[in-house]
Structure formats: C-alpha cells, structure tokens
Amino acid sequence: MSRLKNLLLIAGLVVAPLCIFAQNAPEHSEQNLIALEKMWNQAQLTRDSAALEHLVGSRFINTEWDGEVSNRKKFLADIKDPLYKPTTMSIQDVSVEIYGNTAIVAGVYHTKGSYAGKPYDHVGRFTDTWIYDYDKWQCIASHTSLINKKS
C-alpha cells in the first residue's frame, strides 16, 4: 500500500506542474487571434484608443503604408486625432502562423474615411506580430503596404 501511495505522490508531483502550465499556456487559437484583429479594426473605426491600449504592447512599433514609423504612444495619439474620421475598416484573407508564444497574422485590409477633410480609400496587406505575454496576446509590431490607393 505504501508503494502505491509513493507512486501516486510521484505522479502528482509530475502532473500538477503540467496542469498549471496548461492553465497558463497561451490560447493558440487562430480564431482568437483573428477575433483580436477584428477588435482592433472596430477600435480604430470608433477611435477607441483605450481599447487599443489593451491590444498593443508597451514597445509596439507600427509601420504605415506610406513608410511612417511610430511607437505605441504616437500610434494611440493618432487614433484620438479628431481629424481622423474612418468610415470602413475590414480584413479578409487572414492567415495565422503560431510559433510557441509568438504569432504572425497576415491578410488584406480595407480602410476608408477622411483625414483633415481629405477622403482616403486604401486596400493593402498587413502583417502583425503578436506575443503571448502576461497571460494575454499583445501585438508588438504592425506593418502595412498598399495594394490599391483610390485617393
């Protein structure tokens, strides 16, 4: 009987850390990351920089379609800019590649609206790099390139 208790104790010592790891492991779901990307679009559409603060990492780097590079602070400030008036923001043809606690999400975006009274209508490709850190996914880098610029 004591041998059985020892085996159970050893099994418990091995299995318990695995259970804890499994509970803390990132949700490696493609659908989860695509949902986060769609939340990002919705937050940009409604100019909700507070929502975007939860999606982008503290050392976030953003490269825009025109080559402008910004950090997290500037990116969030741009979203609040009252001259920025998006009307459409969508993604399609999205693919997700997961590498441990890192994910690359790529696809096609369409954004339309006006800035400083000038209309824009852009279709382009995006590549976002996400990491699972502090028990949540955060985007640490985003890059966009135009396919079609109508204005």
### Task
Given side-chain contact (heavy atoms from CB on, under 4.5 Å), test V94 with V105 step by step and report yes or no.
CA-CA 7 Å; V94 179; V105 181; 3.6 Å; yes
#### Entry: Separation between OG of S145 and CZ of F126, rounded to the nearest 0.5 Å
12.0 Å
### Task
May I ask you to test the W130-V96 pair for a side-chain heavy-atom distance under 4.5 Å?
no
### Query
Side-chain contact, heavy-atom cut-off 4.5 Å: W40 with S142?
yes
### Query
Under 6.0 Å from the CZ atom of R125, do we count more than 12 heavy atoms belonging to anything else shown?
no
### Query
Do the ring planes of Y132 and W137 sit parallel (below 30°), tilted (30 to 60°) or perpendicular (above 60°)?
perpendicular
### Task
Spell out, yes or no, whether I131 and Y134 are grouped together once hydrophobic residues are joined by side-chain heavy atoms under 4.5 Å, including indirect joins.
no
### Message
Rounded at 0.5 Å granularity, tell me how far OG1 in T144 sits from NE2 in H122.
### Response
9.5 Å
### Query
Are L33 and I98 close enough that some pair of their side-chain heavy atoms sits under 4.5 Å apart?
yes
### Message
Please evaluate residues E37 and D128 with respect to the criterion side-chain contact (heavy atoms from CB on, under 4.5 Å), reporting the C-alpha separation (whole Å), side-chain torsions for both, the decisive distance (0.1 Å), and the verdict.
### Response
CA-CA 9 Å; E37 290 282 354; D128 291 339; 2.8 Å; yes
### Residue pair Y115 / D81: nearest heavy atoms and the distance that separates them
OH-OD2, 2.8 Å
### Query
About how many Å separate NZ of K73 and OG of S58, when rounded to the nearest 0.5 Å?
14.0 Å
### Task
Search all heavy atoms of D66 against all heavy atoms of E68 and return the closest pair with its distance.
OD1-N, 3.1 Å
### Query
If Ile, Leu, Val, Met, Phe, Trp and Tyr residues are connected whenever their side-chain heavy atoms lie under 4.5 Å apart, and connections chain through other members, are L52 and L45 in the same group?
yes
### Task
Answer whether the closest heavy-atom distance between the side chains of K85 and R47 falls below 4.5 Å.
no
### Query
Is the closest side-chain heavy-atom distance between C139 and L55 below 4.5 Å?
no
### Task
State the OH-CD1 distance between Y99 and I104, to the nearest 0.5 angstrom.
6.5 Å
### Query
Is the count of non-hydrogen atoms from other residues, nucleotides or ligands lying under 6.0 Å from K38 atom NZ greater than 12?
no
### Message
With a 6.0 Å cut-off (strictly less than), is the heavy-atom count around CD1 of I61, excluding the residue itself, greater than 12?
### Response
no
### Task
Heavy atoms only: give me the nearest Q138-G57 pair and the separation to one decimal.
OE1-CA, 3.9 Å
### Query
For the atom pair CD (Q44) and CE (M39), what is the distance rounded to the nearest 0.5 Å?
13.0 Å
### Query
Out of T129, V69, T63, which one pairs with H143 under the side-chain contact (heavy atoms from CB on, under 4.5 Å) rule?
T63
### Query
Looking at I91, D121, I147, which one forms a side-chain contact (heavy atoms from CB on, under 4.5 Å) with H110?
D121
### Task
Check the hydrophobic clustering (I, L, V, M, F, W, Y; side-chain heavy atoms under 4.5 Å; chains of links allowed) and say if L76 and I140 are grouped together.
no
### Query
Can you tell me if Y109 and N41 form a side-chain donor-acceptor pair at under 3.5 Å?
no
